[in-house]
Number of protein chains: 2
Amino acid sequence: MDVKTLCLGILAHGDASGYEIKKLFEQKYSHFYEASFGSIYPALARLTEAGLVSFSQQAQSKRPDKKVYRITTAGRIAFLDDLGKMPGRDRIRSDFLATLLFGDLLSPGQVDKMIAIRVAEYHALIDAMAACNTKGLTPGHAFVNGFGLTVYRAMVAYLENNRHALVGQTLLGARDHAAAAKSAQAQPLPRSQPAPEEMQT
Amino acid sequence: MDVKTLCLGILAHGDASGYEIKKLFEQKYSHFYEASFGSIYPALARLTEAGLVSFSQQAQSKRPDKKVYRITTAGRIAFLDDLGKMPGRDRIRSDFLATLLFGDLLSPGQVDKMIAIRVAEYHALIDAMAACNTKGLTPGHAFVNGFGLTVYRAMVAYLENNRHALVGQTLLGARDHAAAAKSAQAQPLPRSQPAPEEMQT
DNA sequence: ACGGACATGTAACACGTTACATGATTAA
DNA sequence: TTAATCATGTAACGTGTTACATGTCCGT
């Protein structure tokens with residue numbers, strides 16, 4: 001599901017301007033989707049071209065006209081058609097976990113700090129989501145919000161319960177690394193070990 | 001952290017070929033990162049150009065030569081330098097949640113089926129991760145693996161505990177939608193309501 | 001006979017980000 | 001005066017995916 005389709009879906013739940021859609025992305029959907037102005041405005045333009053949405057221009061004093069978009073009947077049909085397809089795999093790219101994967105190459109202090117920061121961020125997100133929850137949300141939004149809340153809580157709990165393990169291991173590893181650095185390669189992995197034939201740098 | 005940097009990190013933990021790196025991505029790191037051949041091979045070529053890795057060519061009967069990459073000292077320095085930087089925000093794009101957000105526009109059967117499929121997929125992932133866990137993993141890998149395991153379990157638990165709520169709401173909503181469809185717009189959201197001036201389709 | 005694992009690589013394409021351009025209002 | 005909110009949009013750029021090109025060996 002690309003930005004264009006999600007915008008269409010958002011408009012299926014009510015009229016909105018590009019700016020309002022952006023706020024929705026960052027305030028309510030940020031735990032499973034994100035989109036910048038640079039993708040939202042062109043998306044709305046394409047949808048308009050395709051006749052899937054229309055817009056009304058609202059003049060504002062001293063500001064660019066606000067364009068309030070509304071989904072058309074053709075748009076509703078197209079969206080439902082898209083929704084029916086089985087969703088693809090979730091795309092996740094976590095710099096945080098990718099960094100911790102190499103925790104043994106960092107100082108314990110750095111690892112601990114990174115985790116502390118992340119925990120604080122999750123706490124803030126959880127508070128924000130818990131506050132907005134159980135109001136006048138659509139069933140889908142409530143479900144998805146609850147999902148995010150649950151996941152963030154599980155993440156925080158894991159980090160708080162296991163950070164000592166990683167930080168501790170990192171400490172213990174420090175000496176090993178000093179030793180390993182002398183020998184050409186430290187290889188705890190069962191990967192291509194053999195035959196350095198013609199090394200080309 | 002881009003594919004190039006992660007490849008460098010993987011090589012910091014041991015030598016590997018492009019093909020082996022790809023397997024690592026899909027078998028061990030798939031819960032927080034993914035990369036295709038089309039990004040891995042060019043990444044290794046760029047790293048070689050930059051002198052951050054070298055490779056030894058291993059002739060294989062009736063197969064393209066296997067290139068086993070090894071990180072250089074310059075590569076280790078560059079990688080540690082990168083690791084030290086605070087990780088950016090995680091990028092998540094969930095088609096699944098984006099679809100369920102509009103659960104009220106789907107039939108209860110469709111919603112239920114999507115959730116059932118997802119639950120089954122997570123169960124499979126959990127079994128695979130639980131099996132590979134607690135072996136000869138680096139501290140970082142064990143930590144990251146445990147993180148993924150915990151998160152997937154929380155997701156499954158949430159889906160199993162709350163699917164009935166969404167499916168039920170969807171059922172109840174069916175009648176409302178039939179009614180709402182007659183009036184021009186059903187708008188449960190506090191968004192731009194007013195002034196349809198010059199609607200342009 | 002067919003698909004999957006092994007093995008590397010390229011090129012076209014899609015998609016989205018970042019930064020820029022413009023400009024008023026309001027709160028710290 | 002500095003930053004944030006409101007408001008829309010474009011263009012360059014980066015990054016990664018998909019599909020293609022090539023070919024063997026092995027299991028069923």
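By convention in this document, chain letters (A, B, ...) are assigned in the order of the sequence lines, proteins followed by strands, and residues within each chain are numbered from 1.
Checking the phosphate oxygens (OP1, OP2) of C:dT8, a side-chain nitrogen or oxygen of B:Tyr41 falls inside 4.0 Å. Between A:Lys22 and D:dC6 there is no side-chain polar atom (N or O) within less than 4.0 angstrom of OP1 or OP2. Checking the phosphate oxygens (OP1, OP2) of D:dG16, a side-chain nitrogen or oxygen of A:Arg93 falls inside 4.0 Å. Dashed line: the shortest gap from a side-chain N or O of B:Ser36 to OP1 or OP2 of D:dT17 is under 4.0 Å. Proximity of A:Ser39 to the phosphate of C:dT17: a side-chain N or O atom is located under 4.0 Å from OP1 or OP2.
A side-chain donor-acceptor contact under 3.5 Å links B:Asp95 to the backbone of A:Met1. Remark: side-chain polar atoms of A:Thr72 are paired, donor with acceptor, to backbone N or O of A:Leu52 under 3.5 angstrom. A donor-acceptor pair under 3.5 Å links the side-chain atoms of A:Asn161 to the main chain of A:Ala157, judged by distance alone.
At a threshold of 4.0 Å, the pair B:Glu49-B:Arg46 counts as salt-bridged, since one of the basic side-chain nitrogens sits closer than that to a carboxylate oxygen.
Annotation: salt bridge (Lys or Arg N to Asp or Glu O under 4.0 Å) contacts involving residues 115-125 of chain B, sequence neighbours excluded, comprise A:Asp90-B:Arg118, B:Arg118-B:Glu121.
Going from atom CZ of B:Arg91 over to atom C1' of C:dT17 covers 8 Å, rounded to whole Å. Protein atom CD1 of B:Ile21 is 16 Å distant from nucleotide atom C1' of C:dC6, rounded to whole Å. When the C1' atom of C:dA7 is taken as reference, atom CZ of B:Phe37 falls 8 Å away, rounded to whole Å. Rounded to whole angstrom, the span from the CD1 atom of B:Ile40 across to the C1' atom of D:dT15 amounts to 14 Å.
Using a 4.0 Å cutoff on non-hydrogen atoms, no part of residues 80-88 of chain B comes near DNA chain C.
Interatomic distance, B:Asp127 CG to B:Tyr152 OH, rounded to the nearest 0.5 Å: 13.0 Å.
Distance from the side chain of B:Lys67 is smallest to C:dG9 among D:dA7, C:dC6, C:dG9. Checked against D:dG16, C:dC15, C:dA7, the side chain of A:Asp2 finds its nearest nucleotide in C:dC15.
Residues satisfying the ring pair (Phe, Tyr, Trp, His ring centres under 6.0 Å) test with B:Tyr158, not counting sequence neighbours, are A:Phe143, A:Phe147.
Within the nucleic acid shown, A:Lys23 comes within 4.0 Å of sugar-phosphate atoms alone, with no base atom in reach, counting heavy atoms only.
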